[in-house]
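The block underneath contains the structure these notes are about, expressed in structure tokens.
We count ligands from 1, going down the list as the structure has it; atoms in each ligand are counted the same way.
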Amino acid sequence: MTPGLYPGSFLVLLCLLHVSEETCPSMCLCTSDTVSCSSAGLAKLPLSLPFFSVTLDVGHNHLSWLGPGSFNKMPRLETLRMAHNQISALGHGVFQNASGLRHLDLSSNRLHVVEQHYFQGLWRLEELLLFNNKIAQVEASTLSGLSSLKKAYFSLNQITHFPFFSIQDHSHPFLTMLDLSSNRMSRLPWEDVKALPRLVQRGLYLHNNSLICDCSMYSMFWHWDLRGYDSLKDFTDEHTCSISGDPRASIQFLRHTRFFNNCTVEKAVSQPVTVLLSNVLVSEGDRVRLDCQTSLRGAELSFMWISPSKGFITQASINNTVISLFANGTLEIRAAKVNDSGLYVCTAVDIKQALNATREVNVTVLVPAGESFNTGYTTLLGCVVTMVFILMYLYLTPCRCSCCKQPKPAVTPITTYDPSILTSVFSPSPREQHKIQTEKHVAFVEPMINAEGTEWTCESGC
Ligand SMILES: *[C@@H]1O[C@H](CO)[C@@H](O)[C@H](O)[C@H]1NC(C)=O
Ligand SMILES: *[C@@H]1O[C@H](CO)[C@@H](O)[C@H](O)[C@H]1NC(C)=O
Ligand SMILES: *[C@@H]1O[C@H](CO)[C@@H](O)[C@H](O)[C@H]1NC(C)=O
Ligand SMILES: *[C@@H]1O[C@H](CO)[C@@H](O)[C@H](O)[C@H]1NC(C)=O
Ligand SMILES: *[C@@H]1O[C@H](CO)[C@@H](O)[C@H](O)[C@H]1NC(C)=O
Ligand SMILES: *[C@@H]1O[C@H](CO)[C@@H](O)[C@H](O)[C@H]1NC(C)=O
Ligand SMILES: *[C@@H]1O[C@H](CO)[C@@H](O)[C@H](O)[C@H]1NC(C)=O
Ligand SMILES: *[C@@H]1O[C@H](CO)[C@@H](O)[C@H](O)[C@H]1NC(C)=O
């Protein structure tokens, strides 16, 4: 080694230190993959930020504008928090090269119009927070490319029209939350709203708008109410509409329905109302009770179930003790079998009002869970013991020959390491549990040949 190399490498080291220091701006806090520059008095984004950051928080600052490629040098960015700034517009290509973004928080800013180019290319975006801005307009194709979107919050803005038609089953298959509450919508395009995917309707929040009372509005909410959506249940009192647009004549329309007596909603029920699927997981042999709780109330209800293995079940059709149907609609299976698994659909019929409602229950009957866990556990234990024996054999015995007896031609059962079983011990999904059950866990291993070509087996006394 030449002596001159030392000062040289020292300089390089200093230089590297300097660079890595520079990437975490002094007003920010940098951890492994997170940079927090919140409440740092920033008027602009820091010029250099660690390129490997996954989370960046620049909330509670004075940012007012973001230019093209603002996050160009952060290709791993997934979460970007910019709440509580003064951003009034986003330039073209702000998020170019930031297509890994999954959570974007622009709430409590000053956005006026959500332009269609804003979120272009963010096809991985799952959560978009835009509440508490000054948004009056959302351009039609703003949400078009956001095919991974799960939750979008537009609450507390001044939106009068929203492009409901741009949300469809195939364009937004994962969308389950669309919050448009506390805006200024007075008349909605109910045909478009009705065409929204079921999951979106279920997660659509429209309370505290300036809705005008009319039958088409009431009809839509009446159906959602019947399905028991949380958005209505949790904000019953905040669902108001005004008579002919007069804000002084405001009605809590989920409570005071008499104003809509002349509407023909109840006769307009053409399809049974389906209460969303619930899942029931039981072990074989368990007693299973499936409730048929729908939005229909009253003593005049009759119930009917369709089961995967037994077809139609009504109270009249039951003549065995394996299954029973109570007057309140609850179906009971005495001892569930694996092939009782499947989709159970209950229909509650209110004969008087000519209404019916259905409830779906997805029943999965598993072979007893404890058993499959035990077999996996035994496998794991056996595997560990075997490994210890092998290691002891390889490293602890000074002379291999003194420990091991003559190799035996007979095959010795030892437990083997099977990675698929190991992983399934830790993530026992029903299917995998089943697999453990069927693939027996003790394997008979062929005698192994070591590098020198001599057969060996490990004796228990070793
Ligand atoms: C941004 O992405 C484009 C291709 O999409 C690439 O050509 C360009 O070099 C990237 N810019 C940066 C700064 O990474
Ligand atoms: C209703 O919306 C207004 C603004 O439109 C807001 O100030 C108010 O807090 C909201 N009320 C509720 C209960 O959300
Ligand atoms: C319902 O219709 C009747 C007669 O058509 C009318 O007198 C009444 O005012 C209407 N009620 C409401 C709330 O519109
Ligand atoms: C359920 O499985 C048993 C055997 O395990 C079989 O005899 C029976 O026919 C099956 N029932 C149905 C409805 O598939
Ligand atoms: C009663 O059970 C028998 C078989 O045990 C079946 O053939 C018959 O159809 C059942 N009757 C009714 C009304 O379901
Ligand atoms: C229905 O009745 C059965 C038997 O009386 C009871 O076990 C079950 O809890 C009831 N279900 C509901 C939803 O009340
Ligand atoms: C549910 O109601 C609709 C309309 O009232 C009717 O056409 C349908 O047959 C009913 N379904 C059942 C299973 O009763
Ligand atoms: C019911 O549950 C099983 C297992 O959890 C699942 O594979 C199946 O797709 C579900 N069926 C429906 C209709 O959701």
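A salt bridge links Arg334 and Glu332; the closest N-O separation between the charged side-chain nitrogens and carboxylate oxygens is under 4.0 Å. At a threshold of 4.0 Å, the pair Lys337-Glu284 does not count as salt-bridged, since none of the basic side-chain nitrogens sits closer than that to a carboxylate oxygen.
Partners of Arg187 under the side-chain hydrogen bond (donor to acceptor under 3.5 Å, both in side chains) rule, at least two apart in sequence or in another chain, are Asp214. Residues satisfying the side-chain hydrogen bond (donor to acceptor under 3.5 Å, both in side chains) test with His117, not counting sequence neighbours, are Glu115. Taking Asn132 as the reference, Ser108 meet the side-chain hydrogen bond (donor to acceptor under 3.5 Å, both in side chains) condition, with sequence neighbours excluded.
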Starting from the N and O atoms of ligand 6, collect every protein N/O partner closer than 3.5 Å and put each pair on its own line with the distance to 0.1 Å.
from, atom 1, to, atom 2, distance (Å)
ligand 6, 2 (O), Asn328, OD1, 3.3
ligand 6, 2 (O), Asn328, ND2, 2.4
ligand 6, 7 (O), Arg289, NH1, 2.5
ligand 6, 11 (N), Asn328, ND2, 2.9
ligand 6, 11 (N), Thr330, OG1, 3.0
ligand 6, 14 (O), Asn328, ND2, 3.4

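Backbone and side-chain nitrogen or oxygen atoms of Asn208 are examined, and one is located within less than 3.5 angstrom of a nitrogen or oxygen of ligand 2.
With hydrogens and angles ignored, the 3.5 Å screen pairs a side-chain donor or acceptor of Asp105 with a backbone N or O of Ser107.
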